[in-house]
Amino acid sequence: MSDYLARLNPEQRLAVETLDGPLLVLAGAGTGKTRVLTTRFAHILLTKRAWPSQVLAVTFTNKAAREMRERIAAMLGGPAEGLWLGTFHALGARMLRRHAALAGLEPGFSILDTDDQLRLLKPLMQEAGLDLHRFPPQALMARIQRWKDRGLTPARVTPADDDPDFVQGHARALYAAYQQRLAAVNAADFGDLLLHATEILRNHPDVLAEYHRLIRYILVDEYQDTNLVQYLWLRLLAQAHRNICCVGDDDQSIYSWRGAEVENILRFEQDFPGARIVRLEANYRSTAPILAAAASLISHNEGRLGKTLRPARPGAEGEADGEKVSVIGLHDSDEEARMVGLRIEALRTAGHSLAEIAILVRASFQTRPFEERLIAWAIPYRVVGGLRFYERAEIRDAVAYLRATLRPGDDLAFERILNVPKRGLGDAALRRLREKARADEVPLAAVTDALAGRTKEAFSALLAGFARWREILRRDGSVLCLRAILEESGYAEMLEKDRSPEAPGRIENLKELGRALAEFETLEGFLDHVSLVMENDENAAGDRVSLMTLHAAKGLEFDTVFLPGWEDGLFPHQRALEEGGTKSLEEERRLAYVGLTRARSRAIVSHVANRRFYSGWQSAFPSRFISELPEDAVEHSGSALLERETALKSPPVFANVFSSPVRFPLVRDAREERAAPIAVGARVFHQKFGYGTVTGSEADRLVVDFESGTKRLLSSFVDPA
DNA sequence: CGTCGTCTTATTTTT
DNA sequence: TAAGACGACG
């Protein structure tokens, strides 16, 4: 028997070897899901049931796709080429490029980012006479996205899907107009990639048949996070041979806000009659207390498919059941950050690798106090999934230049860089260009005789530039073209002159863009890569603490996981409590479950009594999730311990906590306590200025002598030394 | 047309 | 608080 099969446990093996017919693998956290998927893929190939190009494997993130590709390559003993392996969006794009005409697009269509989308939508809303203050374009955009998530083209949107009160009942008409504009500028937004692809399969049986011939096996990762279009797309592709294997965990469904429908996984058996279900329940990752905590927490959700994780970690028994989950109450977020920093230091001293430590937060703004603390103590860290590489302004600018060079009709790209760097083509010039372009029915870059004087010259110079860059692109390739653009457009000069601290980083980013560009044969391929895949992996290497949102942590694991900010109103989030009812609360709980199950050996949950909120402070109660953890797997400690106990017994008035400035008497205010002991003559510590001596005070301000000089600052910025 | 200052407003989660 | 929008001035 093949040794790759021998390495699996019986349930995993069943999941790998059940090749014919629909199969749902319910894989709990840490049960070897990725291993099953990749082994299954390799098994299909090694048993010669299909060629690599006949298997379609879909993941949610690029990271997962990359990891799968690497693992498969390792199992096959060579690079895995020609696979249909990627994210839903990447595969959708690939499909759409092949059949662009069927969606009313040219094959070289652009993929828009959110800026472009709004720039397209805004004027349409204005034309409809909508007040953009009362109806934010983002809100309508979100509505359109949700429709796309559900596979609804404008024609398919029924009055039942529409809300007559929203944007004065214009939503559907604006959606149709928006789609027309997209086609007019030969562009697709993110949602279109799957919507168009699915629509093509629905409307063109010949194309569908082609894919049925082409693709024999389908593998789907994170099935619990698929939305309706993704489901429709998969079902269409799978309907001929029905060899579809979906792997997922309903307890880890955390993307409903993005249109994901847990129902997809819950009704798999009805969708694919005769489907088999395999449950993976042996958890190889976490200690018994962590699993007990996670299990107890998630048991408060209803409507689960039901799985019981059992500890199977090698040596789990030998480690005396492992450390209990720590729950620590603290006074405020700064203290929380200090606690985490101290513990990280202690772990480091004890020989733990920083790469095995993660801080997982609910919302991205929470990362700040931790970053400040880690910087102050010189603990290397990385923020995972923050600003993506492609989302940085300079990258978008450079890409817009490339897009406008490659596609003279790409008005959105052209508009973006028209006056970047400043060349005297401001709002007024743009307005005139737009009017003329509209009247003459030509792209912006083809407008003539719309401007006069200086602006005219600047515009001609820019057009001459593009003509030159197009020539360079054709003759010398994209890398030299990019270099010419940056030099000749004045963009490089603009950055060099920029004395702000970010400027050097921006220049670095552009160099990185050039390096990435060099790896692509065509500019078209590169542009797709950039909008679909490109990630920010600087800092990826090295021994660093990982700092990220809970959402970004799915699929990862660490020895030690810090879970700060478990307070009602923050986690579960206020909006989940106010809107969406039980469903949202359950999703928050699944998020907590995901967080806990990232930990192999240690999980440290913390909550604070006072959290920074805009400029002021708000008191907060411990998260209700904390009381859902089993007492015997948890150890409580911390300076806010008493408050926690009182708070948990108090009536549930949580909804008011964040929206009103009420201070609950049972929660001590960290400010008052801190402010008192700092008197004239006291030694204090400041994050930036270091140690100093207080020489005076007035109201809430202190006068402090630092080595670098005397400062007047808010007492809240210094700590007693 | 561009710059500077004031004012507002926002904090979920992202392919 | 802090970043972004917007309006008044040069």
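Within every chain, numbering begins at 1; the chains are lettered A, B, ... in the order of the sequence lines, protein sequences first and strands thereafter. These figures come from a predicted structure and were not determined experimentally.
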ask   = How close or far is atom C1' of B/dT15 from atom CG of A/D189, stated in whole angstroms?
value = 12 Å

Whichever of A/T455 and A/R258 has its nearest DNA chain B nucleotide further upstream toward 5' = A/T455

note = Of the candidates B/dT12, B/dG2, B/dT14, the side chain of A/K422 sits closest to B/dG2

ask   = Looking at A/K63, A/R71, A/R69, which hits salt bridge (Lys or Arg N to Asp or Glu O under 4.0 Å) with A/E67?
value = A/R71

message = Please report the distance, rounded to the nearest Å, between CG in A/L360 and P in B/dT12.
response = 19 Å

remark   = From CG of A/D113 across to P of B/dT15 the rounded distance in Å is 14 Å

Under 4.0 angstrom between A/H573 side-chain N/O and B/dT12 OP1 or OP2 = yes

message = Need one value for A/R368: base, sugar-phosphate or nothing, where a base atom within 4.0 Å counts as base even if backbone is also close, heavy atoms only.
response = sugar-phosphate

request  = Answer whether the closest heavy-atom distance between the side chains of A/Q145 and A/F190 falls below 4.5 Å.
outcome  = no

query = When the P atoms of C/dC6 and B/dT11 are considered, how many whole Å apart are they?
reply = 16 Å

ask   = Over how many whole Å does the gap from A/F459 atom CZ to B/dC1 atom P extend?
value = 13 Å

inquiry  = Ring centres within less than 5.5 Å and planes less than 30° apart: is that true of A/F60 and B/dT15 in this structure?
reply    = no

query = Please give, in whole Å, the distance from B/dT15 P to A/L195 CG?
reply = 20 Å

task = Starting from P on B/dT13, measure out to CD on A/E222 and report it in whole angstrom.
result = 19 Å

A/A429 side chain, from C-beta outward: closest of B/dT11, B/dT13, B/dC1 = B/dC1

inquiry  = Any side-chain N or O of A/T549 below 4.0 angstrom from OP1/OP2 of B/dT12?
reply    = no

query = Between A/E261 and A/R150, is there a salt bridge with N-O shorter than 4.0 Å?
reply = no

task = Look at the side-chain N and O atoms of A/R575 and state whether any lies under 4.0 Å from the OP1 or OP2 oxygen of B/dT12.
result = yes

task = Quote, to the nearest angstrom, the P distance that separates C/dG4 from B/dT13.
result = 15 Å

message = Let's test your reading of the model: under 3.5 Å, does the base of B/dT15 pair with the side chain of A/H89 as donor and acceptor?
response = yes

request  = Indicate, with a heavy-atom threshold strictly under 4.0 Å, whether A/A576 touches base, sugar-phosphate, or nothing.
outcome  = nothing

key: Protein-nucleotide distance (A/N227, atom CG; B/dT13, atom P), rounded to Å   = 20 Å

Phosphate-side-chain proximity, A/N419 and B/dG2, N/O vs OP1/OP2 below 4.0 Å = yes

inquiry  = Whole angstroms only, please: what is the CH2-P distance between A/W233 and B/dT15?
reply    = 17 Å

task = Using a strict cut-off of less than 4.0 Å between a Lys/Arg side-chain nitrogen and an Asp/Glu carboxylate oxygen, indicate whether A/D449 and A/K436 qualify as a salt bridge.
result = no

query = Do A/L463 and A/F414 pass the side-chain contact (heavy atoms from CB on, under 4.5 Å) test, and can you show the C-alpha distance, the side-chain angles, and the key distance before you say yes or no?
reply = CA-CA 10 Å; A/L463 290 187; A/F414 189 76; 4.0 Å; yes

A/Y381-A/E371 side chain donor-acceptor pair, cut-off 3.5 Å = yes

